[in-house]
Amino acid sequence: MNEQVAKLLNEQINKELYSAYLYLDIANYYDELDLDGYANYYMIQAQEERDHALLFLKYMQINGLKVTLEAIGKPDKTYASVLDPLEVAAEHERYVTALINNIYHEAHQARDYRTMKFLDWFVDEQMEEEENADSMISRYKLFGQDPKGLYLLDQEYAARVYTAPSLVL
């Protein structure tokens with residue numbers, strides 16, 4: 001495998017684990033506000049990101065690549081409103097999309113079609129993640145500033161259940 005592609009794949013493991021940390025931080029913020037549904041939503045997001053990291057790790061192992069785990073940075077965001085974490089999450093998903101796109105670009109340059117095929121699932125996943133993040137912002141702006149609307153949104157997010165990634169290696 002191309003050295004740069006392998007390096008980026010390894011770095012993505014850490015980025016996905018940081019994403020899980022960030023979403024745990026957001027879940028904790030919402031828990032402190034007694035918004036259990038929002039906390040549930042982001043706890044599940046954290047689980048998804050951890051699983052994404054494990055998918056990258058397994059892909060590297062299957063391809064005989066050395067995996068080097070790095071320290072996970074502490075989330076450095078502060079929140080002053082219910083909307084703030086939603087905006088941070090949307091911005092972060094756009095960042096992750098850019099990371100995936102960069103790996104895909106490098107794999108394409110290296111004619112690493114196997115890695116491109118592997119990344120196809122993540123490209124689709126990121127489109128969904130960005131759409132969900134943007135929708136949460138829109139819905140909060142429309143309904144969440146009214147206490148009854150916020151309550152209903154929180155109840156909806158409380159019903160979310162974890163579904164493991166469908167990508168099979």
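Numbers here simply count residues along the sequence, with the first being 1. Just so you know, these numbers come straight off a predicted model, no measurement behind them.
One finds a salt bridge joining E48 and R160 here, because a Lys/Arg side-chain nitrogen approaches an Asp/Glu carboxylate oxygen to under 4.0 Å. K7 and E3 are not joined by a salt bridge, as no carboxylate oxygen comes within less than 4.0 angstrom of a charged side-chain nitrogen.
Annotation: the span from I72 atom CD1 to E70 atom CD amounts to 10.5 Å, rounded to 0.5 Å. For the atom pair CG (L22) and CG (L17), the distance works out to 12.5 Å, reported to the nearest 0.5 Å. How far CG of L83 is from OH of Y140: 6.0 Å, rounded to the nearest 0.5 Å. Rounded to the nearest 0.5 Å, atoms NE2 (H52) and CD (Q45) are 8.5 Å apart. Taken to the nearest 0.5 Å, the NZ atom of K117 stands 13.5 Å off from the CG atom of D112. Atom CG in D146 sits 10.0 Å away from atom CG in L153 (nearest 0.5 Å).
You'll find the side chain of L35 reaches within 4.5 Å of the side chain of L150, heavy atoms only. Using a 4.5 Å cut-off on side-chain heavy atoms (C-beta onward), D76 and K74 make no contact. Under the 4.5 Å side-chain criterion, counting only non-hydrogen atoms from C-beta, Q12 is in contact with I100. The closest side-chain heavy-atom distance from Y30 to E32 is not below 4.5 Å. A heavy-atom distance below 4.5 Å is not found between the side chains of E11 and I103. Using a 4.5 Å heavy-atom cutoff, the side chains of Y59 and N63 are in contact. Residues E16 and V96 meet the side-chain proximity criterion, which asks for heavy atoms closer than 4.5 Å. Considering only heavy atoms from C-beta on, K15 comes within 4.5 Å of Y95 through its side chain.
Among all heavy-atom pairs drawn from N40 and Y157, the shortest one is ND2-O, 2.9 Å. Across all non-hydrogen atoms, the minimal contact from D154 to Y38 is OD1-N, 2.9 Å. Scanning all heavy atoms of the two residues, the minimum distance from A90 to A133 falls at CA-CB, 3.7 Å. The two residues Y23 and A46 make their nearest non-hydrogen contact at CB-N, 3.8 Å. For E49 against A20, the heavy-atom pair with the smallest separation is CB-N, 3.6 Å. Shortest non-hydrogen contact noted between P165 and L55 is CB-CD1, 3.9 Å.
Both I62 and V5 are assigned to one and the same hydrophobic cluster, defined by single-linkage of ILVMFWY side chains at heavy-atom distances under 4.5 Å. Under the 4.5 Å side-chain heavy-atom criterion for grouping Ile, Leu, Val, Met, Phe, Trp and Tyr, L152 is not connected to F143 through any hydrophobic cluster. When hydrophobic clusters are built by joining Ile, Leu, Val, Met, Phe, Trp and Tyr residues whose side-chain heavy atoms come closer than 4.5 Å, directly or via intermediates, L54 is not grouped with L119. M136 and L142 fall within a single hydrophobic cluster, where Ile, Leu, Val, Met, Phe, Trp and Tyr are joined by side-chain heavy atoms under 4.5 Å apart, directly or via other members.
Under the 3.5 Å distance criterion, the side-chain polar atoms of N10 are left unmatched by any main-chain donor or acceptor of A6. At distances below 3.5 Å, not a single donor-acceptor pair connects side-chain atoms of Y79 with backbone N or O atoms of V88. The main-chain N or O of Q4 is found under 3.5 Å from a side-chain atom of N2 such that the two form a donor-acceptor pair. Judged purely by atom type and a 3.5 angstrom limit, Y18 has no side-chain atom pairing as donor or acceptor with the backbone of I13. At distances below 3.5 Å, at least one donor-acceptor pair connects side-chain atoms of Q126 with backbone N or O atoms of E93. Proximity of a side-chain donor or acceptor of N14 to a complementary backbone N or O of A71 within less than 3.5 Å is detected. Remark: the backbone N or O of A27 is not paired with any side-chain donor or acceptor of D31 at under 3.5 angstrom.
Legend: salt bridge (charged side-chain N to carboxylate O under 4.0 Å, His left out) pairs involving residues 122-141, not counting sequence neighbours, sorted by first then second residue: R94-D134, R139-E156.
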field: T97/V123 under side chain to side chain contact (heavy atoms under 4.5 Å, CB included): CA gap, chis, key distance, verdict
entry: CA-CA 7 Å; T97 296; V123 169; over 6 Å; no
- request: Applying side-chain hydrogen bond (donor to acceptor under 3.5 Å, both in side chains), run through K77 and Y29 and close with a yes or a no.
  value: CA-CA 11 Å; K77 306 296 183 189; Y29 174 77; over 6 Å; no
message: Under the criterion side-chain hydrogen bond (donor to acceptor under 3.5 Å, both in side chains), I'd like the reasoning laid out for T115 against Y104: C-alpha separation, chi angles, the key distance, then a yes or no.
response: CA-CA 8 Å; T115 298; Y104 200 99; over 6 Å; no
query: Which is it for D84 and S81 under the side-chain hydrogen bond (donor to acceptor under 3.5 Å, both in side chains) test, yes or no, and what are the steps along the way?
result: CA-CA 5 Å; D84 287 352; S81 72; 3.2 Å; yes
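In Y21, the OH atom is not crowded: 12 or fewer heavy atoms of neighbouring residues, nucleotides or ligands sit closer than 6.0 Å.
A ring-centre distance under 6.0 Å is found for F56 and F118.
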